[in-house]
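To start, the structure itself, in C-alpha cells.
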Amino acid sequence: MDISINLPDGSSRSIPEGSSVFDLAKSISPGLAKAAVVGVVDGQQVDVSHTLQDGDEVRIVTKKDPEALEVLRHSAAHLMAAAILEEVPGAQLTIGPVTEDGFYYDIYLPEGVSMGEGDFGRIEKKMAQLAKKGQRFERCVAPSRQSDVFREYVAIDGGANKFKEEIIGDLEKLGAFSDAEDAPEVSFYKMGDFIDLCRGPHVPNAKWLKHTKLMKLAGAYWRANAANEQLLRVYGTAFFSKEDLAAHLHMLEEAKKRDHRVLGEQLDLFHFQEDAPGFPFLHPKGTSVYNNLMEFMRVQLHSRSYKEVRTPLILSESAWHTSGHYDNYLENMFFTKRKRRDKDDAQNIIDNADEDRPMAVKPMNCPGHLMIYKHRMHSHHELPLRIAEMGLVHRREASGVRHGMFRVQAFVQDDAHHFCTPEQIEGEIQLLIKFFFEVYGAFDLSDVRLELSTRPEKSIGSDEMWEKAESALKKALDAGGREYQVNEGDGAFYGPKIDFHIRDSLGRSWQCGTIQVDFSMPERFGLEYVGADGARHTPVMLHRACYGSIERFFGIVTEHFAGAFPLWLAPVQVKILPVSEKFNDYAGKVAAKFDDAGVRVEVDYSDERLGYKIRAATMQKVPYLVVVGQKEADGDIINVRWRDGDDIGETTVEAFVEGMPPYTVPALAASLREQTVEAAE
RNA sequence: GCCGUUGUAGCUCAGCUGGUAGAGCAGCUGAUUCGUAAUCAGCAGGUCAGCGGUUCAAGUCCGCUCAACGGCUCCA
C-alpha cells in the first residue's frame with residue numbers, strides 16, 4: 001500500500017506506507033536525504049525518522065534553511081548536557097534552549113559540586129568524542145510515569161531532579177499522561193546512554209554536531225526569578241561547518257573592536273576609574289561629541305516648540321514623598337547625609353548627624369517640571385505645553401549591572417514633559433513616535449525595536465487611569481502601524497510606557513527612547529489648567545526622552561559608527577599634517593583659516609614623518625587629513641585625503657570648506673529638513 | 001544583589017611549580033627635516049587594585065574588601 005504526500009511545490013508523491021521523512025527525501029534524491037535536518041509536517045517540525053501518513057503536507061528542511069540552525073543548536077545543547085553529566089558528576093539538568101547566536105543549558109549544581117571555565121576543555125573533548133561516535137537521536141514518548149522510557153529517564157537524571165519534575169508536573173496539569181484527545185506528549189530523546197526530557201525535534205544523529213564550541217559561563221535563576229535556585233548557565237554555539245564557526249568567532253572579535261569602551265580609550269573620549277564607579281570622566285574629545293549630540297537635540301526640540309528649563313539637582317525628601325519616588329524608587333536614589341564637627345573636639349567628626357531637612361538627589365526630572373508648571377496658572381490655550389531639560393540625574397545601580405556608558409550612575413536625560421488635555425494625548429504620542437524615528441534616522445540607526453510596558457506590581461494610580469493610559473499608547477502605536485512587543489508589568493510606577501530599544505555591537509539591546517503616560521503625578525502635585533468652560537481641570541502629563549540618556553546614546557552611536565563619527569559629530573574634523581617642521585608655520589596659517597570657518601581643526605606638530613602622521617590621524621578616525629609641504633606653501637593650497645584613504649586632491653581652504661558636507665549642528669539640521677521636504681514632495 | 005572570570009608601567013599584555021618585576025605602544029631627550037598607514041638611538045615609568053594572613057621569603061598561596069569583564073535580575 002502506498003500513501004500520497006503533498007510537497008511544497010504543489011506536487012504530490014507516492015511512497016510506501018510506513019515511510020519516514022527520511023525515506024521520502026531519499027525517494028526524491030539521495031543528496032536530499034543526506035542533507036535533511038528535520039521535516040515539517042502540516043506546519044509542525046518533526047524528526048526525519050517521523051513516520052508519514054497519507055495526505056501529509058511535507059517540507060524537508062536542510063541546512064540551507066534558517067530554522068535548521070536552531071535545530072542543530074538545540075541538539076548541540078543536548079550533546080553538551082550529555083558531556084556535562086559525565087564530566088561533572090552530580091550536576092542536574094534544567095532547560096537548554098536556543099538563543100540568537102547559539103544555545104545554553106542551565107545546570108543545577110548541588111552543594112559541593114562545582115564547575116568553572118577550566119572544565120570547558122574536558123567537556124568539549126567529551127562532546128567531540130560523542131559527536132564522532134555519531135549516535136542517533138531517538139524520540140521516545142512516555143505514555144505514563146510507569147512506562148519503561150520514563151523509568152529509564154528517572155534512573156539517569158530524573159530521580160532527584162526537582163526542575164525536570166516541575167516541568168513534567170506542568171505538562172501533567174495540561175493533561176499529559178491522560179487519555180484526553182489533546183493531551184501533550186511527554187517525549188524524551190535518547191542518544192546512546194543519555195536521555196533527556198525534550199520536545200524535539202533533533203538532527204538525525206550526533207555526527208552533525210562536530211562544530212560546537214562552549215563560549216562562557218554565567219549565573220541564572222530557575223525560571224528567571226531571583227527568589228529561586230541559582231543555576232549555572234553554560235553558553236555554547238554550533239554551526240554546520242567549521243568555516244561558519246570560524247566566521248562567527250571572527251565576527252565576535254571584530255565586534256569587540258567596535259565596543260565603545262575600547263574605542264573610548266583608543267580615541268581618548270572618556271574613562272572610568274575606581275573612585276567613581278559608574279560615573280564617567282569625559283575627556284575633551286568625548287565632551288565635544290557629547291555636546292554636539294545635545295545641541296542636535298536642542299535644535300529638534302526648538303523646532304517642535306519645546307521650552308527648555310533647568311531644575312535643581314537636589315530637592316527636599318518631602319518632594320519625593322509627594323511624587324511617589326520615595327515609596328517606589330528609594331533603592332535607586334542617592335540621599336544627602338550630613339557630617340558635623342564636634343563643638344569641643346574639632347578632630348571628632350559626627351558621622352550620622354541629624355539632617356534638619358533631609359534632601360535627595362534627583363533620579364528623575366519630573367518633579368522639577370511639575371513645580372515649574374505649578375508656579376503659575378495655566379490656560380487650556382497653552383496646552384500642550386512641552387517643557388524640556390537636559391537633566392542630570394543620579395541613580396544607584398546594583399554593582400553587577402554597570403556597563404560602560406550604557407549603564408552609569410549619573411547621566412543626562414534629554415528629558416521633557418508634555419502637559420496636555422486628555423484629548424491631546426494621542427496626538428502628542430503620535431508626534432513623538434515620528435519625532436523619535438526622525439532622530440534615529442539622522443544617525444542611520446534603523447534597528448529600533450518598540451516595546452509597550454504595562455502596569456507593574458509597585459505602582460500608583462487607579463485601575464481606570466492605568467487602563468486609559470495603556471489604551472492611549474496602544475492606539476497611537478496602532479495608528480502609526482508600528483510593530484511592537486508587549487511587556488506585561490514592566491511599566492514605570494506612575495504609568496505605562498513605550499520604549500525604543502537599540503542594539504549595541506554585540507547584539508545586546510538597550511532602551512533609549514521612552515514615552516510614558518502619567519495621570520497620577522499631576523494630581524499628586526495639584527496641577528491645574530483653566531478649561532474653555534472656565535472650570536479648573538487636572539492636566540495629563542507625558543514623560544518622554546528620545547536619546548534616553550546622552551551617555552547611553554553616545555555609546556550606541558560610537559559603536560554604530562565604530563568610532564568613525566559622521567563629520568558633524570567628529571571631535572576633530574580636520575587634521576593638518578605638515579610634511580616637515582619647515583612647514584609648521586604654513587600649517588598654522590591653514591589651521592587658522594579652518595578655525596575661522598568654525599571647523600574643529602588640529603595640527604600635528606610632532607617631529608615625525610608624514611607616513612606616521614597619516615597613520616596616527618587615520619587611527620584617530622579624523623575625517624579629513626590635510627597634507628601641507630613645499631608645494632602647498634608655494635601655491636597657498638592644501639592637499640586633502642579622506643580618513644578611509646580616498647584622495648581628494650589639491651584645493652584651497654576656502655574652496656574646500658565651501659564644498660564640505662554639513663559640519664555644524666545647524667547646517668546638519670537644515671540639510672535634514674531639506675531632505676524631509678524633498679521626500680514629502 | 002546573584003553566578004563565573006579577571007585586576008602587573010598612561011595603554012595592551014608577558015611573568016612556569018613562592019626567591020623582592022619585563023615587552024610593545026604612548027611619554028621625554030637627542031639625531032633626522034622627511035610627500036600619503038610606524039625614522040633611528042637613548043632616558044624615564046610600577047606600594048604588582050586595597051587590607052589582612054601563611055612563610056625565612058608573596059606579583060605568585062589563603063581570606064576579606066573594592067573595581068572591571070561575561071551573563072542573570074533590574075533599568076535610561
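Everything quoted here is computed from the prediction, not taken from an experiment. Every chain is numbered from 1 and lettered A, B, ... according to where its sequence line falls, protein lines coming before strand lines.
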Exercise. When A:Phe443 is tested against each of A:Phe561, A:Phe436, A:Phe553 for ring-ring contact (aromatic ring centres under 6.0 Å, His included), which residue passes?
Worked result: A:Phe553
Exercise. Where does B:rG35 land, syn or anti, given syn is within 90° of 0?
Worked result: anti
Exercise. Using centres under 5.5 Å plus planes under 30 degrees as the test, is A:Phe411 stacked with B:rA76?
Worked result: yes
For this session: With pairs defined as Watson-Crick or G-U wobble and both distances under 3.5 angstrom, please note down RNA chain B as a dot-bracket string, | for pairing with another strand.
Result: (((((((..((((.....[..)))).(((((.......))))).....(((((..]....))))))))))))....
For this session: Pick out which of A:Arg503, A:His260, A:Arg258 makes a side chain to side chain donor-acceptor pair (under 3.5 Å) with A:Glu559.
Result: A:His260
Problem set entry | Which nucleotide in B:rA76, B:rG35, B:rC72 has an atom nearest any side-chain atom of A:Arg233 | B:rC72
Exercise. Using atom C1' of each nucleotide, how far apart are B:rG70 and B:rG27 to the nearest Å?
Worked result: 34 Å
Problem set entry | Residue that, paired with A:Leu452, satisfies side chain to side chain contact (heavy atoms under 4.5 Å, CB included) out of A:Asp490, A:Leu473, A:Asn487 | A:Leu473
Exercise. Which part of the nucleic acid, if any, lies within contact of A:Ala224, taking any heavy atom under 4.0 Å across all strands shown: a base, the sugar-phosphate backbone alone, or nothing?
Worked result: sugar-phosphate
For this session: Determine the Euclidean distance between corresponding C1' atoms of B:rU8 and B:rU47; express it in Å to zero decimal places.
Result: 12 Å
Exercise. Which sits closer to the 5' end of RNA chain B, A:Ile614 or A:Gly491, going by the nucleotide each is nearest to?
Worked result: A:Ile614
For this session: In whole angstrom, give me the gap between the P atoms of B:rU6 and B:rG45.
Result: 31 Å
Exercise. Does OP1 or OP2 of B:rU73 have a side-chain N or O of A:Arg223 closer than 4.0 Å?
Worked result: no
